[in-house]
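Below, read A as the first sequence line, B as the second, and so on, with proteins coming before strands; counting in each chain starts at 1. Remember, it's a predicted structure, so these values are computed and weren't measured experimentally.
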Amino acid sequence: MSVMRISPRRLHLLLLRWYGSHGRDLPWRRTRDPYRILLSEIMLQQTQVSRVLMLYPKFLRTYPSIRKLASAKPSEVIIAWRGMGYNRRALYLHRCAQAIVEEGGGRFPRDPERLRSLPGIGRYTANAVASSAFRLPLAIVDTNVRRVISRVQGRHLTEEAVWKNAQRLLPVRHAYEWNQALMDLGAMICIAHDPRCAECPLRTVCPSAHRVKRPLTRVVREPGREGVPNRIFRGRIVEYLRQRKRGASSSLIAREVVPSLRPGEMPWFARLIRSLEADGLVRVVRCGRSERVSLAA
DNA sequence: AAGGCGGGGCC
DNA sequence: GGCCCAGCCTT
């Protein structure tokens, strides 16, 4: 079966026009400060826009510049990260800020390859920062873009094929607006379940319009305790330490965070602490048989 | 290639 | 109660 080819120019016109009238007004779209752009992108990794909107301004008041962030202690950044989840991101961001200050005197690299080498910055975030802050003509592929591109192409695409298509379809003169428009379409219209095709600016050219099948999602079982994934307990431990800045003994944390903990489960809890320590989220001072745990200094 | 890693809102 | 969400890192 031959694949229907859609005129890129037609696509650009339809989507950019829609973006002009329906695009979201977001704080990180009102700046070109690479630090503010980067902060938004890190926060938006696996976190909804609505939550980032609530926490982004407060974080920026605490750390208005990359230098202020770089000179903070990890524990302070972890505390400022409260409510965001995936706490390792706070450490990546912090280390990233320190690298940019130390290596470039606080000047961001523009080269996406160089951005990509920084902690917490992958292919998506590197291109997002370069596209948004420096207006380089680079495609970005996140879960929204992946879904939109696949539907417009009318078939499932491999990850690499989506990137290729995204870069091919990119309007070089309006790359930034195009990227933002694709994400807005994926977030507001071309949503995963029950897409709103009747309101879609691409409905006349999209082969999937009004005939999107329910995507079959694969159930992923996570290791955990009584059905609760380990990462949830990790999050609770970090939150407990946020409010108890002096730290606490491992056994006290265990009683407070997991009241129903049975004696035989102590090794499981000890592994949680060790994993947090390995990530650099907590510091463990061992003295004799007991150990004192606090947020990483 | 697969799995670990938070949190909250929505159905 | 299950599902989803602007990914990255490690193995």
Subject >> Base of B:dG6 paired with side chain of A:Gln46 (donor-acceptor, under 3.5 Å) >> reply: no
Original post:
Which nucleotide in the list C:dC4, C:dG7, B:dC5 gets nearest to the side chain of A:His193?
Top reply: C:dC4
Subject >> Side chain of A:Tyr86 - closest among B:dC5, C:dC4, C:dG7 >> reply: B:dC5
Original post:
Hey, are A:Tyr124 and A:Gln45 close enough side-chain-wise for a donor-acceptor pair under 3.5 Å?
Top reply: no
Original post:
Looking only at atom C1', what distance separates C:dC4 and B:dC5, rounded to whole Å?
Top reply: 16 Å
**OP:** Report which part of the nucleic acid A:Met43 touches: base, sugar-phosphate, or nothing (heavy-atom distance under 4.0 Å, all strands).
**Re:** nothing
Subject >> Modelled atom types, side-chain donor and acceptor of A:Ser260 and A:Arg225, under 3.5 Å >> reply: yes
Original post:
Can you check the A:Glu159 CD to C:dG7 P distance for me, whole Å?
Top reply: 11 Å
Original post:
Which whole-number value in Å describes the distance from A:Arg234 CZ to B:dC5 P?
Top reply: 5 Å
Original post:
A:Tyr124 has a side chain; which of C:dA6, B:dG4, C:dC5 sits nearest to it?
Top reply: C:dA6
Could you list the protein-to-nucleotides 9-11 of chain C atom pairs, N/O on both sides, closer than 3.5 Å?
residue	atom	partner	partner atom	Å
C:dC9	OP1	A:Gly120	N	2.8

Original post:
In whole Å, what separates the C1' atom of C:dT10 from that of B:dG7?
Top reply: 23 Å
**OP:** Could you tell me the separation between the CZ atom of A:Arg82 and the C1' atom of B:dG8, rounded to a whole number of Å?
**Re:** 16 Å
Original post:
CZ of A:Phe233 versus P of B:dG4: gap in Å, rounded?
Top reply: 15 Å
Original post:
B:dG7 P sits how many Å from A:Asn230 CG, rounded?
Top reply: 13 Å
**OP:** May I have the distance from A:Gln48 (atom CD) to B:dC10 (atom P), rounded to whole angstrom?
**Re:** 10 Å
**OP:** May I ask you to say what A:Gly235 touches in the nucleic acid, namely base, sugar-phosphate or nothing, with a heavy-atom cut-off under 4.0 Å?
**Re:** sugar-phosphate
Subject >> Integer angstrom distance from the P of C:dC8 to that of B:dG8 >> reply: 23 Å
Original post:
Cation-pi between A:Arg89 and A:Tyr92: NZ/CZ under 6.0 Å from ring centre and within 45° of the ring axis?
Top reply: no
Subject >> Rounded distance in Å between the C1' positions of C:dG7 and B:dC10 >> reply: 22 Å
Original post:
Where the side chain of A:Thr143 is concerned, which of B:dG6, C:dG7, B:dG8 is the nearest nucleotide?
Top reply: C:dG7
Original post:
Does a donor on one side chain and an acceptor on the other come within less than 3.5 Å for A:Glu159 and A:Trp163?
Top reply: yes
Original post:
What is the nucleic acid contact for A:Asp279, judged by heavy atoms within less than 4.0 Å: base, sugar-phosphate only, or nothing?
Top reply: nothing
**OP:** Give A:Trp28 one of three labels, base, sugar-phosphate or nothing, depending on what nucleic acid heavy atoms sit under 4.0 Å from its own.
**Re:** base
Original post:
Pick the nucleotide of DNA chain B nearest each of A:Met54 and A:Glu222; which residue has the one closer to the 5' end?
Top reply: A:Glu222
Original post:
On DNA chain B, nearest-nucleotide positions of A:Thr47 versus A:Ser50: which is more 5'?
Top reply: A:Thr47
**OP:** Give the rounded distance in Å between these two atoms: CG of A:Leu115 and C1' of C:dC8.
**Re:** 15 Å
Original post:
Out of A:Leu39, A:Val52, A:Leu60, which residue meets the side chain to side chain contact (heavy atoms under 4.5 Å, CB included) rule with A:Trp28?
Top reply: A:Val52
Original post:
Can you tell me how far C1' in C:dC3 sits from the matching atom in B:dG6, rounded to whole Å?
Top reply: 15 Å
**OP:** Test salt bridge (Lys or Arg N to Asp or Glu O under 4.0 Å) on A:Arg274 and A:Glu277 and set out the steps.
**Re:** CA-CA 5 Å; A:Arg274 280 208 304 278; A:Glu277 183 185 21; over 6 Å; no
**OP:** For A:Ile191 and C:dC5, give me the distance from atom CD1 to atom P, rounded to whole Å.
**Re:** 9 Å
**OP:** Could you tell me whether a side-chain N or O of A:Arg151 sits under 3.5 Å from a main-chain N or O of A:Cys206, the two making a donor and an acceptor?
**Re:** no
**OP:** Confirm from the modelled atom types if A:Arg231 and B:dG6 form a donor-acceptor pair under 3.5 Å, side chain to base only.
**Re:** yes
**OP:** Among C:dG7, B:dC5, B:dG7, find the nucleotide with the atom closest to the side chain of A:Thr125.
**Re:** C:dG7
Subject >> Among C:dA6, B:dG8, C:dG7, the one nearest A:Arg24 by side-chain distance >> reply: C:dA6
Subject >> Parallel, tilted or perpendicular, as decided by the 30° and 60° cut-offs, for the rings of A:Trp18 and A:His22 >> reply: parallel
Subject >> NE2 (A:His174) with more than 12 external heavy atoms under 6.0 Å >> reply: no
